[in-house]
Amino acid sequence: MMTAAATVPAPHPDGHALALSGVVRTFHEGDRELQVLRGVDFAMNPGEMVALVAPSGTGKSTLLQIAGLLERPDDGEVLIGGLDCGDMDDAERTMVRRDQVGFVYQFHHLLPEFTAQENIMLPQMIAGLPKREAAARAMELLDYMRLGPRARHRPSELSGGEQQRVAIARAVANAPRLLLLDEPTGNLDPETADYVFEALYALVRASGVAALFATHNMELARRMNRCVTLRGGLLEPYEP
Ligand SMILES: Nc1ncnc2c1ncn2[C@@H]1O[C@H](COP(=O)(O)OP(=O)(O)OP(=O)(O)O)[C@@H](O)[C@H]1O
């Protein structure tokens with residue numbers, strides 16, 4: 001069996017994993033204007049895990065969507081691994097997102113008809129990796145997440161914590177620079193949340209991926225490298 005360190009992506013030591021500068025996002029509803037982000041500046045180093053803690057409705061999901069290239073800001077810059085994504089067309093943004101960004105949500109969104117291993121293989125095969133290599137990497141990640149014996153189980157045959165660990169393994173399968181997590185433990189009991197967090201944290205440390213983790217769980221926020229909050233449309237340091 002491989003060692004844990006051999007099973008995760010190589011670190012990306014060069015520059016910021018994510019850099020946002022002057023990011024603005026305004027929503028319009030009728031003649032009402034809601035300026036959710038008013039010029040967000042933020043940078044993350046490889047291997048950093050940052051808690052994003054802010055009240056509901058302050059713009060956490062909007063920020064994660066923009067950082068993950070799912071939405072465009074109205075103004076400002078988004079750089080991933082030093083690549084300026086602002087002038088890219090949609091096809092280029094999709095490629096950067098596929099190769100450089102992993103997402104984990106509160107509900108895992110695993111494909112129900114596929115096994116745990118197949119769910120982790122899929123993004124790799126979409127990125128062009130041969131099936132055999134994708135299968136091997138999926139098994140390595142499952143072993144790393146202590147889920148080797150569950151490889152052939154479908155999501156419905158896994159516990160909530162196991163499903164989230166598969167979702168994390170899937171999100172890092174293509175060795176992204178940036179991992180965006182939107183309340184990934186929000187649906188789990190405290191003990192399971194803790195266990196999933198520990199597995200994730202070990203993976204972040206070993207792989208050098210930068211992880212931005214939106215959560216309401218102060219206990220977990222305190223264990224991350226640093227914590228930020230959204231106030232008045234700006235990102236600020238926060239002491240949890
Ligand atoms: N597409 C949209 N059109 C109009 N308003 C939107 C849109 N998306 C988000 N908003 C509004 O922007 C604000 C921020 O939403 P967002 O989902 O980013 O908040 P959040 O901090 O992630 O909240 P939660 O913790 O509840 O998920 C909210 O007031 C929301 O209603």
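Indexing begins at 1, ligand by ligand and atom by atom, following the structure's order. Worth saying up front: this structure is predicted, and the values here are computed from it rather than measured.
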Discussion item. With a sphere of 6.0 Å drawn around CE of Met95, does it hold more than 12 non-hydrogen atoms of other residues, nucleotides or ligands?
Written reply: no
Is the shortest side-chain heavy-atom distance between [X] and [Y] below 4.5 Å?
{"X": "Leu230", "Y": "Leu37", "result": "yes"}
{"X": "Thr215", "Y": "Met224", "result": "yes"}
{"X": "Val50", "Y": "Phe213", "result": "no"}
{"X": "Arg154", "Y": "Leu110", "result": "no"}

Item to complete: Each residue besides Met121 in its hydrophobic cluster should be listed here, by chain and number; the cluster joins Ile, Leu, Val, Met, Phe, Trp and Tyr at side-chain heavy-atom distances under 4.5 Å.
Response: Met125
Who's the nearest protein heavy-atom neighbour of [atom], and how far?
{"atom": "atom 26 (O) of ligand 1", "value": "Ser56 OG, 2.4 Å"}
{"atom": "atom 25 (O) of ligand 1", "value": "Lys60 NZ, 2.8 Å"}
{"atom": "atom 28 (C) of ligand 1", "value": "Gly57 O, 3.7 Å"}
{"atom": "atom 12 (O) of ligand 1", "value": "Val36 CG2, 3.3 Å"}
{"atom": "atom 17 (O) of ligand 1", "value": "Ser61 CB, 3.7 Å"}

Worksheet entry | Closer than 4.0 Å: a protein non-hydrogen atom to atom 20 (P) of ligand 1 | yes
Discussion item. Closer than 4.0 Å and a protein heavy atom, does any atom meet both conditions relative to atom 30 (C) of ligand 1?
Written reply: no
Practice prompt. Measure the CG-CZ distance between Leu18 and Arg177 for me, rounded to the nearest 0.5 Å.
Written response: 11.5 Å
Would you say [X] has any N or O atom under 3.5 Å from an N or O of ligand 1, going by distance alone?
{"X": "Leu34", "result": "no"}
{"X": "Phe27", "result": "no"}
{"X": "Glu183", "result": "no"}

Identify, by atom number and element, the atoms of ligand 1 in contact range of [X], meaning under 4.0 Å from any of its heavy atoms.
{"X": "Thr62", "result": "15 (O), 16 (P), 18 (O)"}
{"X": "Glu29", "result": "4 (C), 5 (N)"}
{"X": "Gly59", "result": "14 (C), 16 (P), 18 (O), 19 (O), 20 (P), 21 (O)"}

Worksheet item: Does Arg205 count as lying over the ring of Tyr201, i.e. NZ or CZ under 6.0 Å from the six-ring centre, within 45 degrees of the axis?
Response: yes
Item to complete: Mind checking whether Thr58 contacts ligand 1 via backbone (N, CA, C, O), side chain (CB onward), both or neither, at a 4.0 Å heavy-atom cut-off?
Response: both
Discussion item. Could you tell me if Thr185 and Asn217 have a donor-acceptor pair between their side chains, going purely by distance under 3.5 Å?
Written reply: no
